[in-house]
Amino acid sequence: MKLSDFLNQSCANLNHAGQLSRLILSIADAGKQIAALVAKGKLAGVTNKLDIINVQGETQMQLDISSHDIFIDCLSTTKLVVGAVSEELASPYYFDGYAVDAPYLVCFDPLDGSSNIAFDGVVGSIFSVLPAPMNAERSEAMFLQQGIHQIAAGYVLYGPATMLVITLGAGTHAFTLDPDTHVFELTHPDLQIPAHYPEFAINASRQRFWEAPMQQYIADCMAGEEGVRQCNFNMRWMASMVADIHRILMRGGVFLYPKDRQVTDRAGRLRLLYEVNPMSMLVEQAGGKASTGRASVLGLQPTQIHQRVPAILGSIQEVDLIDQYHQR
Ligand code: FDP
């Protein structure tokens with residue numbers, strides 16, 4: 001089934017049905033354009049590092065900026081979006097000439113895991129769609145909505161195949177881009193994350209900065225069959241959230257970027273509005289769970305547009321267990 005047919009079917013009973021469908025198609029279009037640039041690599045001349053530091057304190061690449069521009073252009077053609085928060089901009093971007101009843105706000109990370117670009121590693125784009133408050137003044141406050149209010153969320157993975165994974169609040173579904181027809185086809189309907197899978201993803205080099213509950217959880221996993229878990233665990237770390245979450249949606253396990261003593265001012269590395277919230281919605285719609293260790297991600301009240309939070313996402317039994325380690 002083509003993405004457009006899927007959207008016609010799935011959006012039929014939702015508010016602003018045709019509009020949501022058009023918005024998702026514009027994001028899919030952005031994904032196709034970015035996929036083409038990523039696939040060209042150095043030949044596209046966009047992998048060079050620039051002398052620009054973004055709001056996150058990271059050195060930007062031309063590809064970060066090009067991906068951001070593609071997202072803004074595609075969203076603006078819909079006239080359905082009041083404003084957007086991008087990882088690449090300090091303040092929200094407000095669109096001109098949108099329809100009076102433009103119902104959406106979009107938060108996005110145009111190129112997540114971009115440090116992998118230098119060696120042709122897997123990267124992705126992440127997005128979250130929120131309702132635009134009616135008659136509200138344009139301000140950052142509009143975007144500070146809990147994750148439970150997301151209307152849709154998803155990512156585009158630029159891997160061996162380009163894939164679009166979305167949720168509109170009724171299951172999580174994956175589409176593969178057919179390189180011959182340039183159409184996203186539904187290949188993985190209704191993904192289900194197994195309740196338990198013995199595999200964790202964490203940047204283990206940061207172990208000395210974790211809090212005690214995370215130290216203990218990982219130590220117990222590493223002890224394998226001889227330890228309290230009585231089970232051998234495997235570890236994977238792609239250093240690209242899209243790639244790591246994609247693996248978890250496909251076969252289970254947990255993704256961890258926990259609270260980190262070295263970055264106390266940030267409470268974690270990953271950004272709530274355009275990384276952790278959309279990924280949490282996708283994971284929970286696939287039967288998994290998303291937590292900070294102390295609270296449900298989707299219930300967090302954001303206080304800043306670039307706020308960072310601890311992220312513990314994946315198989316429900318493991319995330320429940322990690323919450324218990326924190327309670328103890
Ligand atoms: P990146 O900085 O390359 O964009 O978004 C942040 C992120 O990548 C995630 O995609 C990834 O999971 C994480 O950072 C990688 O962190 P480490 O450098 O600590 O491995």
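In each ligand, atom 1 is the first atom listed, and ligand 1 is the first ligand listed.
For A239, heavy-atom contacts with ligand 1 shorter than 4.0 Å involve the backbone as well as the side chain. When non-hydrogen atoms are compared, ligand 1 lies under 4.0 Å from the side chain of L270 (C-beta onward) but not from its backbone.
With hydrogens left out, the protein atom closest to atom 3 (O) of ligand 1 is S115 OG, 2.7 Å, a heavy atom. Among all protein heavy atoms, the one lying closest to atom 19 (O) of ligand 1 is Y257 OH, 2.5 Å. The protein non-hydrogen atom at the shortest distance from atom 2 (O) of ligand 1 is R269 NH2, 2.6 Å. In terms of protein heavy-atom proximity, atom 20 (O) of ligand 1 is closest to W237 NE1, 3.0 Å. What sits closest to atom 9 (C) of ligand 1 on the protein, heavy atoms only, is M241 N, 3.7 Å. Protein heavy atom at the shortest distance from atom 5 (O) of ligand 1 is E275 OE2, 2.5 Å. Of the protein's heavy atoms, N203 ND2, 3.5 Å lies nearest to atom 17 (P) of ligand 1.
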Donor-acceptor pairs under 3.5 Å, side chain of residues 21-32 to any protein atom, not counting sequence neighbours: which ones?
from: R22; atom 1: NH1; to: T78; atom 2: O; distance (Å): 3.1
from: S26; atom 1: OG; to: L23; atom 2: O; distance (Å): 2.7
from: K32; atom 1: NZ; to: H182; atom 2: O; distance (Å): 2.8

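Geometrically, ligand 1 and R271 share a nitrogen or oxygen pair separated by less than 3.5 Å.
The six-membered or imidazole ring of Y93 lies near that of F95, with a centre-to-centre distance under 6.0 Å. Side-chain rings of F175 and F6 approach one another, their centers coming within less than 6.0 Å.
Contact analysis leaves E87 out of contact with ligand 1, as no non-hydrogen atom separation drops below 4.0 angstrom.
A salt bridge links D260 to R206: one of the charged nitrogens lies within less than 4.0 Å of a carboxylate oxygen. Note on D5 versus K2: no salt bridge recorded, every NZ/NE/NH1/NH2 to OD/OE distance being 4.0 Å or above. Between E211 and R294, at least one side-chain N (NZ, or NE/NH1/NH2) sits under 4.0 Å from a carboxylate O, which counts as a salt bridge. With salt bridges taken as basic N to acidic carboxylate O contacts below 4.0 Å, one links R251 and E199.
Among residues two or more places apart in sequence or in another chain, the ring-ring contact (aromatic ring centres under 6.0 Å, His included) test is passed with Y217 by Y325.
When each atom of ligand 1 is checked for a heavy atom of G113 under 4.0 Å away, the hits are 1 (P), 3 (O), 4 (O), 8 (O), 10 (O).
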